[in-house]
Amino acid sequence: MALVIYNTLTRKKEAFTPLHPERVHMYVCGPTVYGHPHIGHAKSYVSFDAVVRWFRYLGYRVKYVQNITDVGHLTDDADEGEDKIEKKAREERLDPWEIAQYYTWSYFDDMDALGVLRPTISPHATGHIIEQIELVKTLLEKGYAYEVNGSVYYDVCKFPEYGKLSGRRLEELEAGARVAVNPEKKHPFDFALWKRAEPGHIMRWPSPWGEGYPGWHIECSAMSMKYLGETFDIHGGGIENAFPHHECEIAQSEAATGRPFVRYWMHNNMVTVDGTKMGKSLGNFVTIKDALKDYSPLTLRFFILSSHYRSPVDYSAQALEGAQKGLERLHNSVRHLYRALQKATDSSDVSSPFSIETFQRRFEKEMNDDFNTPKAIAVLFDFSRELNKYLHQPGPHHKPFLQEAERFYQVFAGEVLGLLPEEVTREPSAPIQQMVEKLIQLTVEVRGELRRRKLWPLSDKIRDQLARLGIVIKDRPDGSSEWEIGE
RNA sequence: GGCGCCGUACCCAAGUGGCUAAGGGAGAGGUCUGCAAAACCUCGAUUCGGCGGUUCGAAUCCGCCCGGCGCCUCCA
């Protein structure tokens, strides 16, 4: 079954065909770097990470561009208010450049922790002022924009398709308008392409219209088209950005080039916390760094991928704890497989107990259906149950089969969903690591001897003490013991 | 006021016209076990917010109602 993607533009699932054979050009709106990333960012970028990984699994070369917004994003509506980064800079008594850099690093740190692969290009808005100015000039030349007092606005009335992505019409928007009208604008929904810098504004650049700075929407058009072409395959982002941000991107880009901008629009849904939307004013704002104090990065990632990217998800202790247990179950199964693999013989007189290919096909089918990660995860669990049953039987186990099972986990749980910890995937360990493992093994063996002599209090003490160090001992029915580093 | 989404077992969450309504957590019973943990087996919604309608057939389509949420203003 071929890959189908839900396209916000057409509001239906469509078969995916790339513009250029075997290549995918994809852009996802990146963060505005004025604060630590929160779990909403986590959902968005983990979701699109799974998308990228799936494209690569399917054999596409993916050019994945994700911007860093470090200028132009204002705090208020109607192109009024302060630049978010300059505001934060004032609060923290740093200059805006330092703020942007600091939170850019914070963002990448958190994404690395969550196993989100880096985009192939991470352009900064401030690094593309020239491209943005050029785009504004084009829009002025073509009559889609007008200049007022050193600012340039997009003239939405000149673009009849404005609203096609979000299903809105200008007349309706006007009727429900709650924004104060900026007197410089011809129409309330005209938006700023370039803003005149007021005295005291730090981030400013010379332009044909005087010193100023770019509007928020223009950066995405300028950078996406620079790196991906005037028409490209996929544009992703949070659903709340469909209007006005993505609508404005379409208006700018298509007006400037006369060509379709994006072929498939993908929007992820929101994260709520205990049932309500996250908001700084509500005091329920959970940063990724906060979440990682309570849960492992993989738990967070598993939690996110356990619901569909287009569904909203509620962050709650109960849900996260459930996710943690579920992920442990999956990891345990992988560990059991590794243990069995070490003991397995090459004897070919035993046959494969079940078809791994069946599970592979199911997994592919689910991911090909608009990246249905919850169902794909369910396939992993079904697979684990079958495998556990087989491993639970006394040996000998079929080594080629176990190797195939290992590959299944590595590819689908590991490479595609990014849910396997290093501990079960890593290459032969470093010398110091090997020594630690031998020390633990020695301790476990001593405890085994104590148990044979029925010295329970002392053997339990060793188990408890190791547990405090994060080393979990599990005794097996035959009297042997295994150990592992806890989650 | 306009646009849109959701309501599936105790919790999370797939399924969107027709095989037994996935999967995970929690729970119950069992196997194993010095205890613990893990693993394995078994059980768990005759039912999908409510009421009507369309249909041979609906959780899935339509209408109304109840409840929750998002966007329309910055937000992943």
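No contact: His245(A) has no heavy atom under 4.0 Å from any strand. Looking at heavy-atom distances under 4.0 Å, Ile473(A) makes contact with a base. Using a 4.0 Å heavy-atom distance criterion, Asp460(A) is classed as a base contact. Counting any heavy atom pair closer than 4.0 Å across all strands shown, Arg329(A) reaches sugar-phosphate atoms only and no base atom. At a threshold of 4.0 angstrom between heavy atoms, the contacts of Tyr45(A) are confined to the sugar-phosphate backbone, with no base atom among them. Nucleic acid contact for Gly40(A): base, since at least one base atom lies under 4.0 Å from a heavy atom of the residue. Residue Asn372(A) is in sugar-phosphate contact alone, with no base atom involved, counting any heavy-atom pair closer than 4.0 Å across all strands shown. Looking at heavy-atom distances under 4.0 Å, Ser311(A) makes contact with sugar-phosphate atoms alone, never a base. Residue Val379(A) is out of contact with every strand shown, counting any heavy-atom pair closer than 4.0 Å.
The distance between atom CD of Glu321(A) and atom C1' of A13(B), rounded to the nearest whole Å, is 17 Å. Nucleotide C5(B) holds its P atom 17 Å from the CD atom of Glu240(A), rounded to whole Å. Spacing between atom NZ of Lys375(A) and atom P of G23(B) amounts to 11 Å, rounded to whole angstrom units. Rounded to whole Å, the distance from CG on Asn241(A) to C1' on C72(B) is 13 Å. The nearest whole Å value for the distance from the CG atom in Leu391(A) to the P atom in C40(B) is 9 Å. Regarding Met270(A), its CE atom lies at a distance of 18 Å from the P atom of G4(B), rounded to whole Å. In this entry the distance linking CZ of Arg453(A) with C1' of G34(B) reads 17 Å, nearest Å. Spacing between atom CG of Leu387(A) and atom C1' of A39(B) amounts to 12 Å, rounded to whole angstrom units.
For the P atoms, the distance linking G29(B) with A38(B) amounts to 16 Å, nearest Å. With both ends at atom P, the span from G7(B) to C12(B) equals 12 Å, rounded to whole Å. As rounded to the nearest Å, U31(B) and G50(B) have C1' atoms that lie 45 Å from one another. For the C1' atoms, the distance linking U47(B) with A59(B) amounts to 9 Å, nearest Å. Only the C1' atoms considered, G68(B) is 11 Å distant from G49(B), to the nearest whole Å. A58(B) and C19(B) have their C1' atoms separated by 16 Å, given to the nearest Å. Comparing C40(B) with A45(B), their C1' atoms sit 25 Å apart, to the nearest whole Å. Between A21(B) and C48(B), the two P atoms lie 12 Å apart (nearest whole Å).
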> Passes salt bridge (Lys or Arg N to Asp or Glu O under 4.0 Å), Lys325(A) versus Glu328(A)? Steps please.
Replying inline: CA-CA 5 Å; Lys325(A) 295 276 177 59; Glu328(A) 274 172 27; over 6 Å; no
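When each of Met266(A), Glu14(A), His267(A) is tested with Asn7(A) by the rule side chain to side chain contact (heavy atoms under 4.5 Å, CB included), just one qualifies, namely Glu14(A).
Of the candidates C35(B), A76(B), G23(B), C35(B) carries the atom nearest the Arg451(A) side chain, counting heavy atoms from C-beta on. Considering only the side chain of His336(A), A39(B) comes nearest among A14(B), A39(B), A76(B).
Between C12(B) and Ser307(A), no contact under 4.0 Å exists linking OP1 or OP2 to a side-chain N or O. Distances shown here put a side-chain N or O of Arg385(A) below 4.0 Å from the OP1 or OP2 atom of G24(B). Look at Lys389(A) and you'll find a side-chain N or O under 4.0 angstrom from OP1 or OP2 of C41(B). Side-chain N/O atoms of His392(A) include none lying less than 4.0 angstrom from OP1 or OP2 on C40(B). For the pair Asn388(A) and A38(B), the criterion of a side-chain N or O lying under 4.0 Å from OP1 or OP2 is not met. Within the structure, a side-chain polar atom (N or O) of Lys325(A) is placed less than 4.0 Å from OP1 or OP2 of A26(B).
Stacking of Trp456(A) onto the six-membered ring of G34(B) is present: less than 5.5 angstrom between centres, less than 30° between planes.
Between Arg447(A) and Asp475(A) there is a salt bridge, since at least one side-chain N of the basic residue sits less than 4.0 Å from a carboxylate O of the acidic one. Using a cut-off of 4.0 Å between Lys/Arg side-chain N and Asp/Glu carboxylate O, Lys461(A) and Asp464(A) are scored as not salt-bridged. With respect to the salt-bridge test (charged N to carboxylate O, under 4.0 angstrom), the residues Lys365(A) and Asp369(A) do not qualify.
Here Tyr34(A) and Tyr103(A) keep their ring centres 6.0 angstrom or further from each other. In summary, the aromatic rings of Phe359(A) and Phe354(A) are positioned with their centroids under 6.0 Å apart. If you look at Tyr154(A) and His187(A), their ring centroids are not closer than 6.0 Å.
Pair assignment for G63(B): C51(B), on the basis of Watson-Crick or G-U wobble contacts that are both within less than 3.5 Å. The pairing partner recorded for A28(B) is U42(B), the criterion being a Watson-Crick or G-U wobble arrangement whose two distances lie under 3.5 angstrom. A 3.5 Å limit on both hydrogen-bonding distances identifies G68(B) as the Watson-Crick or G-U partner of C5(B). When both pairing distances are held under 3.5 Å, G34(B) makes no Watson-Crick or G-U pair with any nucleotide shown. Nucleotide A13(B) has no partner under the Watson-Crick or G-U criteria, as no pair reaches both atom distances under 3.5 Å.
One N or O donor and one acceptor, one from the side chain of Asp475(A) and one from the base of C35(B), sit under 3.5 Å apart.
Both the sub-6.0 Å distance and the 45° axial angle are not jointly satisfied by Arg329(A) relative to the ring of Phe381(A).
The residue among Asn268(A) and Ala323(A) whose nearest nucleotide of RNA chain B lies closer to the 5′ end is Ala323(A). Toward the 5' end of RNA chain B, the nearer of the two residues Ser306(A) and His38(A), judged by each one's closest nucleotide, is Ser306(A).
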